[in-house]
Amino acid sequence: MATLELSNVVKSFDKTTIIHGVDLAVSDGEFVVFVGPSGCGKSTLLRIISGLEPATSGDIRIDGQRVNEVTAAHRGCSMVFQSYALYPHMSVYDNMAFGLENLGVAKAVIETKVTAAATMLQLGPLLQRKPTQLSGGQRQRVAIGRSIVREPKLFLFDEPLSNLDAELRVSMRAEIRDLHARLGATMIYVTHDQVEAMTMADKIVVLRAGRIEQVGTPLELYNTPCNQFVAGFIGSPRMNFVPAAEFPSALPGTHTVGIRPEHAQLADSGPLQLKIKQVEQLGSTSILHGHVVPDAPFELILNGQTTIQRGDTVCVSAPPEQLHCFDSNGLRL
C-alpha cells in the first residue's frame, strides 16, 4: 500500500503539451479512477506514474519519496494492461512467476505466492494452461495475478476490461472491487467508461485535454458537478442541457440549465415541449428520446411502461431543486 502525490506534472511531446500541470493526491488504500474522453491524457498520466513515461516537469512522489529518476522496475508499481500482455508460449503459472524469477526470488517463495494469488482469483485449475486456452476474463485474471504476486505499492490498471463483452465487464468490475477490499491496496484505474468509474471508484478524477476538471466521490460528481463538461460526462444517460431562455426564470439567456433524465417529469403543462423521436421500452423503465429545442437532444426516464409513441409531443417539467445551472463559460452557478 502507498500514497501518491503529483505536483504540477507536465508532459510534452516536441512542442505539443499533453498533460498540463496536474496536481493530485491519492491516499493509502484508495481506489482512484481516472476517467475522460479518448485523448484526454489519462493513460499518459498513468504511464508517468508507473515510470514507463518520463514527466517533462513536475514531481511524482510515492510514499513521500520523489521517484522521477527511479526506473519503472524499482518504483513498486505494477501495471495491468488492456491487452493482458501475457507470454503465449508460457503456462499460466509461468506467466505469473516470470517477474519474480527475474528478480531471483526463491522457487519455494514463488510457488507460495503464485498458488495464493491463483486461489484468490480462482485460477487454480488453470495453472498449466496456455493463454490461448483461456477466455478473455481468465486472461485478465492472470494479468492481475501477475501483479498480485509482486506485492506492489501501487496497482495500476489501464482500461483492463475494454476488450471484454458487456456481461463479463460487469462481473470483472465486481471482482476487481472485491480484490481491492481484500488486499486493501492502493489502486489507480483508467477508463473512458463513466459507468465503470461510478461503480468502482472511491474517488474519481475527471480529465479533459490533459487537465483535471474535478476530483471527488462518485456521488459528489453526480450531484454537484463543477462545470457543464463534468455534468454531461458523469451519469448515464447523460444530463440534458437546455438554454435558460426556455425557462420563466431570472437567469440570463446566455446561461444553461441541466436536467438529468431521471429527474425530468411528464406534466399537464410546463415550459418544455418534448417532441418524441424514439421510445425505448425496457420493461421496468422507459426512455423517451427527442428534442425540446433544435439541436438539443433530450432524454426522459419513466418508471414502468408507457403508451407514448414516436411523433407525440409531451410537456416536461423538473423540480427546481433538481436543476443544475451553468453560466456562459459552463461553470456551475
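Numbering of residues begins at 1 and proceeds along the displayed sequence.
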Shortest non-hydrogen pair, Ser317 vs Ala267, comes out as OG-CB, 3.7 Å
Show your working on side-chain hydrogen bond (donor to acceptor under 3.5 Å, both in side chains) between Gln273 and Thr313 and close with a plain yes or no.
-> CA-CA 6 Å; Gln273 303 288 314; Thr313 297; over 6 Å; no
Taking a hydrophobic cluster as the set of Ile, Leu, Val, Met, Phe, Trp and Tyr residues connected by side-chain heavy atoms closer than 4.5 Å, whether directly or through intermediates, do Met200 and Val26 fall within one such cluster?
-> no
Does a side-chain heavy-atom distance below 4.5 Å link Asn227 with Gln214?
-> no
Residues forming a ring pair (Phe, Tyr, Trp, His ring centres under 6.0 Å) with His324, sequence neighbours excluded = none
Using the rule that two of Ile, Leu, Val, Met, Phe, Trp, Tyr join whenever any of their side-chain heavy atoms come within less than 4.5 Å, decide whether Met187 and Ile62 are in one cluster.
-> no
Between side-chain atoms of residues 6-15 and protein atoms elsewhere (two or more places apart, or another chain), which donor-acceptor pairs fall under 3.5 Å?
from, atom 1, to, atom 2, distance (Å)
Lys11, NZ, Pro54, O, 2.9
Ser12, OG, Thr17, OG1, 3.1

Transitive ILVMFWY side-chain link Val80 to Leu100, under 4.5 Å = yes
Connected via hydrophobic side-chain network under 4.5 Å: Val33 and Leu156 = no
With hydrophobic residues grouped by side-chain heavy-atom distances under 4.5 Å, do Val314 and Val279 end up in a single group?
-> yes
Point-to-point distance, once rounded to the nearest 0.5 Å, from CD of Glu175 to CZ of Arg182 = 8.5 Å
Sorted by chain and residue number, the salt bridge (Lys or Arg N to Asp or Glu O under 4.0 Å) partners of Asp202 (sequence neighbours excluded) come out as Arg177
